[in-house]
Amino acid sequence: MATPYNHKAIEQKWRKHWEEHPVNVNDGKKPKYYCLDMFPYPSGSGLHVGHWRGYVISDVWSRYKLLNGYYIVHPMGWDAFGLPAENYAIKMGTHPRISTEENIKNIKRQINEIAAIYDWDMEVNTTDPNFYKWTQWIFVKMFKKGLAYEKQMPINWCPSCKTGLANEEVVNGKCERCGADVTKKNLRQWMLKITAYADRLLEDLNKLDWPEKVKKMQAEWIGKSHGAEVDFKVDGSGETITVYTTRPDTLHGATFMVLAPEHELAAGLATEETKDAVEDYIYQASLKSSVDRMQDKEKTGVFTGSYAINPINGAKVPIWLSDYVLADYGTGAIMCVPAHDDRDFEFAKKFDIPIIQVIAKDGKEIENMEEAYTDASGIMINSGDWNGRESAELKEEAPEIIEKMGVGKKTTNYKLRDWVFSRQRYWGEPIPIVHCPDCGAVPVPEEELPLELPEVERYEPTGTGESPLADIEEWVNCKCPVCGKPAKRETNTMPQWAGSSWYFLRYIDNKNDKELVSREKADQYLPVDMYIGGVEHAVLHLLYSRFYTKFLYDIGVVDFDEPFHKLFNQGMITGKNGIKMSKSKGNVVSPDDLVRDYGCDSLRMYELFVGPPELDAEWDERGIDGVYRFLTKFYKLVMDQKDAQVKADKELLKEHHKLIYDITTRLDNFSLNTVVSGFMEHTNKLTAMAKKNGVDKETLETAVVLLAPFAPHIAEELWEALGHEDSVFAQTWPVYDEEAMKEDEIEIAVQINGKARGKITIGAEEAKDSVLAKAKEALADKISGNIVKEIYVPGRIVNIVMK
RNA sequence: GCCGCAGUGGCGGAACUGGCAGACGCGCAGGACUUAAAAUCCUGUUCGAGUUAAAUCGAGUACCGGUUCGAUUCCGGUCUGCGGCACCA
C-alpha cells in the first residue's frame, strides 16, 4: 500500500527543489515565449482568488510552452504609483512608500504560493527611481518631439480624489477610481498628443490577435468619422462660422445652425434684443457639470438674433446656441438638418423651426413628419442641382463638391482627445520640467534623471489644483537648465498609467542604467507574445501602452510598434450573487486558507475548473473537494501501477493517445475548464483499467507530463516516483498518434423519425448497406409502415424516416 | 436608444464542422467498511408517467415560429440578464 497523497510535504519538497534547480532556463538556443500578466498594484487587501485565477492561467500557459521547447519570459512587478496606493496610505495614516513596501511583501508571498515560474530577477517597481528615470525620460523625449505640451483648459476633475483626470478615466460621468461625480475645472495641464497617433492606433488593431470586443471598444473610443467642414457666412458681418458634418448630402435641408455655448463667437452674435438671454444662457451652461449636461435629455437653447447664409443655396438660417453641441468636438458648431437627424428634429420641434426634407423616403416626401429620417438612402429632393441623385453616393461626393465650390473641405474627425497627463497628487513621477521666466518650459536634462520625488511632511492632496509638491520650496526653486536663472519646477505628477504604459519593456533589461532597454535584448525577447489580464483596461492601459510603444518605435528604441501580440481577458471571480469582491463589501476570499487546506495544486486546478476562463464566475469553494479527490485518485493510480510491469495492449494504447489528444486540443483552444474534466474522465477510466489488467508505465508517464502545467508539484513528485532523475519540465509535450486512437468497433444510435430508438455496434469502416440492415434488424419491432428515407452519417448515426 | 455577449438539471458547467442533450464535478439519496464518526469505495440522481425492479412511453436546452430526415447548435421575432457606447453632428 502506497502512502496517501500528502500535498503539504510534496509541495514543500518541490518548492525548495525548484528554488535550487529552476526549470525554466535560458540556454540561448531555445526560442523565447513572452507570457505577461497585467502587473498588480500593491493593494492593502492582498490577492483574492480572482487575481489568482489570472496568474494560474498565465502560468499554465507558460509551462505548456515550456514543455514545447520554449524559454519562457514570465516576469512580475508592481504598479505601485498612483491613486489607489496613495489613497490607501492616507486611510492608514502612513506614507505611501511604507504601505506600498509592506503590501508588496505580502502580495509577493501570496504570489509565490501559486508556484508560478516567475523570474524575480526581472522584477520591476514603477516607484523605483531606477525605473521611473525612464518613465521621465520618455516624457522628455515626447516633449522634445512636441507630443507633450501645456494647455490651460477646463478638464475633468474628481472632487474626491482632488485631481484632474483623463477622458478615459471618466466612466459614465464618474471617476473610474472612486466613483465620485466628475466636475470641470479650468487648469493648466500637461497633455500628451495621443491624437497624433489616432490613425495608427486604429489601423493597427487589424494586426492584433485580440478579443474582438476589445478591438471594437478601442475603435469606438478613437471614433473616426468622415465628413466635411462647411463655411457659413454670418449675415451682415464679416464673420464665418465653420461647421463639421458627416452628412453633407443633406446640406440643402439645413434650416438652422447651433453653436456650443463655449464657442468663441457665441456671445458676439447676440443683438440688442437677445443680449441678456444669450449671456444668461452661456452663464447657465458654464455652471452645469458634464454629468448634468449629459443627463438633461430635454433640449434647451437660445436664439442669438443673428443669421447665417447656407452656402449651397443662399438660404438665411437662424443661429442658435445649445449645450447639446459639444465645444471640443469638430468645430463646436453644427448645421442642423431636422428632417434627417434625431437631435436636430427634436430641437426644431421644440423651437418651431422649419423642417425641410431633402431625401425621399420610399420615393416620397413625408407628410406630417413625426420623426427624423436618418437613413442615408433615397433620392434627393428639395436640393436644387442635387435633386434626383442617390443620397448615399452624394454623401461620399459632397465633400469634394463643397471643396471645389470653395465653401469648405473634406475632413476627418476623431472622438479621441489628447491625454490629460498631469495629476495634482503626490504619489507619482514628478514631471521633469522646469519653468523659467525667460526660457519657458524647459526639460530637465536627461543626464540629471531621475528627478526624484522629494520627501514631504504632508502629502495629502490640496484640492486647490496644486500638487502637494508645490509647498516644498527648496525643491520647487531651482535653476533653469538652459540659462541658469532662478526658475521653478513643475509640481504636477504623472498618472498611474505612465509607468504601466511601458513596464513590460523593462523587465528583460531591468538593471540597465544606460538605456531604457538595450536594443539587442529588445530584439531578442520582445514583444509580448501573450498578455493576460482583465478586460477593465480595454481603453485605458491597453490604449496607452500601444501609444507609448508606437512612440518608442518612432524614436528607434524598439523595432516593433505593437506591444502585445495576443491578448486574453480572463473573467472576473465574484462573490455571491455576482457581486465584485472588495474589502468594503467584505466578500473577499483569500487563497491563503485554501492553499493551506487543499494545497496549491488543488487550488490551481479548481481555479480553472470553476468555468470557462474568459467568463465571470461566482466563487463557491465547495467544489474544490472534487479537484482534491481527483488529485488523490491520480496519485494513487500512479503509485499503485508504477511497478506493475504491464505491457500496453491495444486498449491501453488507444486510451494513452486519446488522453494526449483530449488534453492537447482542449488546451490549444484555451478551454481550461474542460482540460480539468478531461483529466478526471481519463483518470477514472485508467483507474478502472488498472483494476482489470493494470496500466503500462508509458501511459502513466504521459499522464504525468500532461498534468505538469496544471499541478506542477504532484507531477514532479510522481515523475520522480516513476524513476526519473530529471525534472518533469525537462520533458517534451507528448504527441498523439491518430492511428492508435482508431476504434475497430463503434456504437452508434439509431433514430426513427429523428428520435433515438436504439443502438447498434458496427465496424468502423462498415459499408452503408450493411449498417442500415443491422439498424433495421435491431429495431424490427418498432418499424411499421412505409420507410420513406434511410440516412446514415458514417460513424455517427442512422435515421429511418417512416410515414 | 444603439452595439455586443449570454440564457441548458438542485448548483458550476459539457456537447468538435447540425447527429444518443445533461460529460466532468459539487450537492443530495441509498449502500459497503467502522463500536461510531471522518476519510474512502460502490450505486443512483433532468422532469413526468410506469413498474417490486426494469423494460417502456411522454416532455425537455428562456419564449414563439421557420429551415431540415434530424436543431442547445442555423434563420426570423419576443422576453430576461450582463457588458460597452450614449447628445461625437
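Just so it is clear: chains get the letters A, B, ... in the order the sequence lines come, proteins before strands, and each one is counted from 1.
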Find the distance [X]:[atom1] to [N]:[atom2] and express it as a whole number of Å.
X	N	atom1	atom2	value
A:His226	B:A89	NE2	P	11 Å
A:His537	B:G84	NE2	P	14 Å
A:Tyr324	B:A89	OH	P	13 Å
A:Ile797	B:U68	CD1	P	19 Å
A:Trp619	B:G25	CH2	C1'	14 Å
A:Leu259	B:C87	CG	C1'	16 Å

Tell me if B:G27 is syn or anti. Syn = glycosidic torsion within 90° of 0, anti otherwise.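 Anti conformation here, the glycosidic angle of B:G27 being more than 90° from 0.
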Quiz: residues 675-683 of chain A side-chain donor-acceptor pairs under 3.5 angstrom, not counting sequence neighbours:
| from | atom 1 | to | atom 2 | distance (Å) |
| --- | --- | --- | --- | --- |
| A:Ser677 | OG | A:Thr674 | O | 3.1 |
| A:His682 | ND1 | A:Glu655 | OE2 | 2.7 |
| A:His682 | NE2 | A:Asp662 | OD2 | 2.8 |
| A:Thr683 | OG1 | A:Phe679 | O | 2.6 |

Work out how far the C1' atom of B:C63 is from that of B:A15, and round it to whole angstrom.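 Each nucleotide's C1' atom is 23 Å from the other's.
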Reckon [X] has a side-chain N or O less than 4.0 Å from the OP1 or OP2 of [N]?
X	N	value
A:Arg796	B:G18	no
A:Thr632	B:U40	no
A:Asn673	B:A14	yes
A:Arg629	B:G25	no
A:Asn799	B:U68	no

NA contact type, [X], heavy-atom cut-off 4.0 Å: base, sugar-phosphate, or nothing?
X	value
A:Arg666	nothing
A:Ser225	sugar-phosphate
A:Lys415	base
A:Asp328	nothing

With RNA chain B as reference, determine whether A:Ile791 or A:Lys633 sits nearer its 5' end, using the nearest nucleotide of each.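 Its nucleotide being nearer the 5' end, the pick is A:Lys633.
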Most 5' of A:Met335 and A:Val793 on RNA chain B, judged by nearest nucleotide: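 Mapping each residue to its closest nucleotide by heavy atoms, the 5'-most match is A:Val793.
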Salt-bridge test for A:Asp231 and A:Lys409: reply yes if a basic N is under 4.0 Å from a carboxylate O, no otherwise.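 Salt bridge between A:Asp231 and A:Lys409, a charged N being under 4.0 Å from a carboxylate O: no.
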Under a 4.0 Å threshold between the charged nitrogen and the carboxylate oxygen, would A:Glu346 count as salt-bridged to A:Lys349?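 Salt bridge absent between A:Lys349 and A:Glu346.
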Under 6.0 Å between ring centres, would you say that holds for A:Trp619 and A:Tyr606?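 Distance test on ring centres: under 6.0 Å, yes.
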A:Asn684 side-chain proximity, nearest of B:G19, B:G25, B:G13: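 Minimum distance to the A:Asn684 side chain belongs to B:G25.
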Which of the following nucleotides, B:C57, B:G25, B:G27, is nearest to the side chain of A:Asp625?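 For A:Asp625, the side-chain atoms sit closest to B:G27.
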Take the angle between the ring planes of [X] and [Y] and call it parallel below 30°, perpendicular above 60°, tilted in between.
X	Y	value
A:Tyr635	A:Tyr5	tilted
A:His537	A:His541	perpendicular
A:Trp320	A:Phe351	tilted

Which nucleotides of RNA chain B pair, in dot-bracket form (Watson-Crick or G-U under 3.5 Å, | meaning another strand): (((((((..(((......[....)))((((((.......))))))((((......))))..(((((..]....))))))))))))....
Does A:Lys299 make a side-chain donor-acceptor contact with the base of B:C87, cut-off 3.5 Å?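 By the distance-only test, yes, there is a pair.
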Distance-only donor-acceptor test, A:Glu618 side-chain atoms vs B:G12 base atoms, 3.5 Å: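 Per atom types, no contact qualifies.
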NZ or CZ of A:Lys299 within 45° of A:Tyr324 ring axis and under 6.0 Å: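 Geometry flag: set, cation within 6.0 Å and 45°.
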